[in-house]
Amino acid sequence: MAEIAQVLVDVPTMQTNRPYSYRIPAAWQAQVQPGMRVVVPFGRGKRRVQGFVLSCGDQPEFDGALKEIDAVVDLAPVLNTEMLALTKWLAASTFSFQITCAQTMLPAVMRAKYVKLLRPTTQTPPAVRTTWFGDQPEVPFDQVATTSQAVSQLLRLQAAGEVDVYYQVKNQARRKTQFGVKARLDASAITATEGELRHGAKQQLALLKGLATLNGETVTQADFCQRFDVNPATIRTGEQKGWLQRVQLEVYRDPYATSEIKATQALTLNAEQQVAVDQITQAVTQDATTTFLLEGVTGSGKTEVYLQSMAAALAQGKTALMLVPEISLTPQMVQRVRGRFGKAVAVLHSGLSNGEKYDEWRRIQRGEAQVVVGARSAVFAPLKDIGLIVMDEEHESTYKQDDAPRYHARQVALWRSQYHHCPVVLGSATPSLETRARAEKGVYQRLVLAERVNQRPLPTVSIIDMKKEMQQHAESNFSAPLLVALQDRLDRHEQSVLMLNRRGFSSFVLCRDCGFVLKCPNCDISLTLHMDSHTMKCHYCGHEEPIPRICPNCHGHQIRYYGTGTEKVETELKELLPDANIIRMDNDTTRKKGAHAKLLAKFGSGEANILIGTQMIAKGLDFPNVTLVGVLNADTGLGLPDFRASERTFQLLTQVSGRAGRATKPGHVYIQTFNPDHYAIRFAQHHDYEGFFKYEMRMRHQGDYPPYYFTVQITASDLDEAVAAKRMYQLLQWLRPRLASQTIILGPTPKPIARVNRRYYYQIVIKYKREPNLAATLTTLLHETQAQQRQGLQIGIDVEPLHFM
DNA sequence: AGCACGCCGACT
DNA sequence: GTCGGCGTGCTC
């Protein structure tokens, strides 16, 4: 019998990032299992915290006196063996606390809330009682202990035993219940009762007729009322007369309850798609842990490949997990998956309420859903026996979490694939360089969909040189050719999509004569404009120079920072094309829940003819009447001080181009840019991913960047800028001798947004090829900087960061 | 994180 | 003298 539990406590610090031993009270010894939540006393006071049981045994791993588990929260484990192992791996690989990882993997409502309460004791004098409690049986400590005098007074009272502090550990998870109806009469009794009814008691008759059809089953009251056309008051009458029983039924909050599922059939595959499905299905059957890169141009039918491969996994009695970027988790997308797999689908995304997420999670946990579709955190869906994991748009940076634990869903997916012995499909029209390079080396198996379904041609892409436009016309966001094209679409009653690239907004300088962007002499990375210090800075090596007044390249005077907003663009377009009906989609207009879908529906219905938006319109839109796509400013992303700037620009342009000409009418794309010859733009123009990949790989090779090097970013922040800087230089000194001589350390440099929330940020970037002791070194670093954390210094470690700012 | 213990300045 | 300020170490 297990008497001792190893418990992971809910105290996210470096020192408590290990299990603590607790005695299991005899009454619960048969019941407590690893993965359950418990409440344990922790610390010298009366503090109680939630914890996760990691293992049970009969030997403590601690010599001292053990405390007892206070309460068991769950009847069944909420983290299974796989998930427990995953928390351990995730904590180690992202340098975060195991408890934080466990919390991240579970719905938010399962995180405990703590309330410190003040209670009277048997020895509380009446005067004390009225002063502190009034007529309340207990009061929240924070509510009464507002001043330092009050706190010390309370401490004295507590020491004298006149008041008691008590920690309440609250479980926020609430199950939604509804009334259910259950018959208490058998068939013959119902018939007899019917005979006794007063003539004309139609409602009661209907109720009895309804009860007769239940056959002992319980149905929800709402369902019953609707089916038999009785009102709730009649049900209550029935209850009083003893005909039926009302019971509490647990129901799921179904976010899609109102929408009918329209079943869809598997589409016929073309030869390439068939090869892909066959290969993936074979891997599923053989329990192979193959990672596939499904590389397919926009419109090549990747989704159909996913769906049919997932169907194959289900046919073998396994489950399937499909990850998509948050932004493409549109109602259309969900409908498509539910149309194929019906009620077996659980959907997880940020638009759901916490209660809805919890219910979807439980449906998965109980095995009631075999297919999960969701954004980043859905990679932790508690599916059993996974047969296939799909990650659509694998290059998307939203798969990487920005705060602790800083995990990449792709890494978690690969880990789970090893655990479940199942394949992973990474799909994209523009794979990340890392993924594509791994496919090149044979680590991943590459599957290519080069053809668009129905052989529809890719849209023609025209590049418009805004330098020339600027010379000919007054400053405008719209070039002459784009305006002509827009007018033409209005005349033909076709639709247009305009994208304003917000990335890198106003943060760099550009010459309007020659398109020159100022770069760092050491790093070949664009310099960032710092208005606070009036300098141009390199965020990699710290190089700094004054803001140029004339262009260093062409000596022109038209050098300035570049940027504009969607609202301004909309206003200008309304003046230029007064007949146009415009919808604007940006953070302002889509903030409200459901606004995003509403605007899209409005555009889809043809109510408007032009859609203006930021990056959010680049993905997933499929409107057959859109024949023109305009990118107003393709450059902005290129100006960012990030070695992935070209890659992101290429991906964005390729993606947004895919929005044009999706049906029978041919599409045309106009890209406005000050850098018409930039390779990212040129390759995007020709839909040439392979060309871009080869070129960009050379650039990465020259600059010693991923995928040739691995990267780790260390940030330090402090309220005092000098302290942050000083600690970073000390850290550099400490780090250098511990790392291989070939390893490159960049920095310390201040972060581009040097001050956030009154804290100053500095960063160091480590670039390495082989560094077997790096993890151990960084863990030591975290332990050693622990003491300084008290003085306000915060250290963060980000493995393979996606954003260097 | 949160609590107790422990060591220095301004007060009943 | 002590009350209470916060720096330091520990929590099974």
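Chain naming here is simple, since letters A, B, ... match the order of the sequence lines and numbering starts at 1 in each.
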Item to check | Of residues 103-119 of chain A, the positions that come close to DNA chain C - non-hydrogen atoms, cut-off under 4.0 Å | outcome: none

Checklist entry - Does any N or O in the side chain of A:Y114 come within less than 3.5 Å of the main-chain N or O of A:Q50, such that one atom is a donor and the other an acceptor? => result yes

Checklist entry - Is it true that the side chains of A:T743 and A:E771 contain a donor and an acceptor less than 3.5 Å apart? => result yes

Next on the checklist: If you assign each of A:P41 and A:R790 to its closest nucleotide in DNA chain C, which residue comes earlier from the 5' end?
Outcome noted: A:R790

Item to check | Heavy-atom contact window of chain A on DNA chain C, given 5' to 3' at under 4.0 Å | outcome: C:dG4 to C:dC12

Checklist entry - Under 3.5 Å, side chain of A:K357 to main-chain N/O of A:G351, donor-acceptor pair present? => result no

Checklist entry - When the distance from CG of A:D10 to P of B:dG2 is rounded to whole Å, what number comes out? => result 10 Å

Next on the checklist: Looking at A:E800 and A:R410, is any side-chain nitrogen of the basic one under 4.0 Å from a carboxylate oxygen of the acidic one?
Outcome noted: no

Next on the checklist: By nearest heavy atom, map A:R156 and A:T16 onto DNA chain C; which one lands nearer the 5' end?
Outcome noted: A:R156

Item to check | A:P12 or A:Q158, whichever maps to the more 5' nucleotide of DNA chain B | outcome: A:P12

Checklist outcome for this item: Whole-Å distance, A:F42 CZ to B:dA4 P, equals 14 Å

Next on the checklist: Under a 4.0 Å threshold between the charged nitrogen and the carboxylate oxygen, would A:D642 count as salt-bridged to A:R648?
Outcome noted: yes

Next on the checklist: Rounded to whole Å, please give me the gap between CE in A:M14 and P in B:dA1.
Outcome noted: 14 Å

Item to check | Ring centroid separation A:F42 to A:Y20 under 6.0 Å | outcome: yes

Checklist entry - Given atom CZ of A:R44 and atom C1' of B:dA1, what is their separation to the nearest angstrom? => result 15 Å

Next on the checklist: Classify A:Q15 by what it touches in the nucleic acid, base, sugar-phosphate, or nothing, heavy-atom distance under 4.0 Å.
Outcome noted: base

Next on the checklist: At 4.0 Å (heavy atoms only), tell me whether A:A65 reaches a base, stays on the sugar-phosphate, or touches nothing.
Outcome noted: sugar-phosphate

Checklist entry - Is the closest basic N to carboxylate O distance between A:E82 and A:R416 below 4.0 Å? => result yes

Next on the checklist: Would A:K767 pass as a cation-pi partner of A:Y705, given that its NZ or CZ must be under 6.0 Å from the six-membered ring centre and within 45 degrees of the axis?
Outcome noted: yes

Checklist entry - Whole-Å distance between B:dT12 P and A:Q149 CD? => result 14 Å

Checklist entry - Under the 3.5 angstrom rule, does the side chain of A:S96 hit a backbone N or O of A:A404 as a donor-acceptor pair? => result no

